Amino acid sequence: MEEATLVIVKPDGLKKSLTGDILSRLSKAGLRIIGAKVVKVSLELAEQHYHHLKDKLFYKELIKYITGQLHGENRVLALVYYGESAIKKVREIAGTTNPEEAEPTSIRGAYGRILTSGLYENVIHASSNLQEAEREIKLWFEPEEIVYPLYPARITEVSSKKKVWL
Ligand code: DAT
Ligand code: MG
């Protein structure tokens with residue numbers, strides 16, 4: 001089945017200049033990138049993204065991590081990949097959650113580490129199932145930022161302030 005998945009190159013991936021290598025590893029899956037942007041992660045976005053983990057002991061550190069407070073780098077690269085079995089293919093290339101248990105040839109196995117706080121610093125995020133992928137893609141991307149009609153969308157009138165170039 002063709003499906004979409006969200007990938008986030010986390011702040012350590014950017015800090016270590018791993019973006020090029022990560023994208024070329026992911027390109028081996030033969031998927032299509034249908035959305036991509038650099039995001040400064042707000043506390044609100046971080047908390048929504050990781051809401052299912054809020055009772056975990058590592059949650060506070062995890063929020064610091066994704067908002068860049070552990071790397072002095074509040075930037076992540078968010079991507080949407082689309083294609084046959086995209087979720088599974090990307091998770092395989094990413095490796096398992098714990099970088100010490102991940103295949104050494106996977107992204108997390110090659111570049112991840114466990115911090116002294118116990119947090120897994122594992123370089124990339126990848127959606128783990130269809131439902132999670134849809135929730136996450138809708139959280140990180142506006143419909144117009146994705147070059148494919150992925151999920152139903154509607155036109156709405158908004159009257160808000162917007163920053164424009166001088
Ligand atoms: P994944 O990112 O593989 O989907 P997850 O959604 O369960 O894993 O957790 C989100 C992130 O939280 C994960 O990438 C790293 C961190 N994490 C998860 N489990 C952890 C644990 N037991 N100890 C430390 N950090 C953990
Ligand atoms: Mg997850």
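None of the values given here were measured: they were computed from a predicted structure. Just follow the structure's listing: the first ligand is 1, and inside any ligand the first atom is 1. Values reported hereafter were calculated over all heavy atoms of this structure, with side chains retained and with hydrogens, waters and symmetry mates removed. The chain is numbered in sequence order, starting from 1.
With a heavy-atom cut-off of 4.0 Å, F58 touches ligand 1 through its side chain alone. No part of E121 comes within 4.0 Å of ligand 1, judged by heavy-atom distances. Residue contacts with ligand 1 for N98 are absent, since no atom lies close enough (heavy atoms, distance under 4.0 Å). Residue-level proximity to ligand 1 for R91 is carried by the side chain, the only part with a heavy atom below 4.0 angstrom. Contacts with ligand 1 closer than 4.0 Å are made by side-chain heavy atoms of R108 only, the backbone lying farther away.
Shown in contact with Y50 at under 4.0 Å from a heavy atom are these atoms of ligand 1, numbered in order with element: 10 (C). The ligand atoms of ligand 1 that sit less than 4.0 angstrom from a heavy atom of N122 are 13 (C), 14 (O), 15 (C). Below 4.0 Å from some heavy atom of L62 lie the following atoms of ligand 1, by number and element: 11 (C), 12 (O), 16 (C). Below 4.0 Å from some heavy atom of G118 lie the following atoms of ligand 1, by number and element: 23 (N), 24 (C). Every atom of ligand 1 with a heavy atom of L53 under 4.0 Å away is listed here by number and element: 9 (O), 10 (C).
Counting only distance, with no hydrogens or angles, the side chain of R91 and the backbone of A126 share a donor-acceptor pair below 3.5 Å. Although no hydrogens or angles enter the test, the distance criterion places no donor-acceptor pair under 3.5 Å between the side chain of E121 and the main chain of I114. Judged by distance alone, with hydrogens and angles left aside, the side-chain atoms of R25 form a donor-acceptor pair with the main-chain N or O of T105 at under 3.5 Å. The closest donor-acceptor contact from the side chain of E3 to the backbone of A86 lies under 3.5 Å.
Any N or O atom pair closer than 3.5 Å counts here, and E132 shares no such pair with ligand 1. By the 3.5 Å distance cut-off applied to N or O atoms, K10 is counted among the residues near ligand 1.
Of the protein's heavy atoms, Y120 N, 3.2 Å lies nearest to atom 25 (N) of ligand 1. In this structure, atom 3 (O) of ligand 1 lies nearest to the protein heavy atom T97 OG1, 2.5 Å. The single protein non-hydrogen atom nearest to atom 6 (O) of ligand 1 is H52 NE2, 3.8 Å, given as residue, atom name and distance.
Here the CD1 atom belonging to I63 is positioned 9.5 Å from the CD atom belonging to Q69, to the nearest 0.5 angstrom.
Among the candidates I66, V123, I124, L77, the single residue satisfying the side-chain contact (heavy atoms from CB on, under 4.5 Å) test with K10 is I66.
Within the structure, the closest approach of Y65 to ligand 1 does not fall below 4.0 Å when heavy atoms are considered. Ligand 1 lies out of reach of H49, whose nearest heavy atom is not under 4.0 Å from it.
In this structure, Y151 and I137 have side chains that are in contact, with non-hydrogen atoms separated by less than 4.5 Å. Side-chain contact between Y65 and N122 is present, with heavy atoms from C-beta onward closer than 4.5 Å.
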Yes or no on side-chain hydrogen bond (donor to acceptor under 3.5 Å, both in side chains) for E132 and H52, after CA distance, side-chain angles and deciding distance? CA-CA 11 Å; E132 189 179 281; H52 58 296; 4.6 Å; no
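Atom NZ of K60 has 12 or fewer neighbouring heavy atoms from other residues, nucleotides or ligands inside a 6.0 Å radius. Counting non-hydrogen atoms of other residues, nucleotides and ligands closer than 6.0 Å to CG of L57 gives a total of 12 or fewer.
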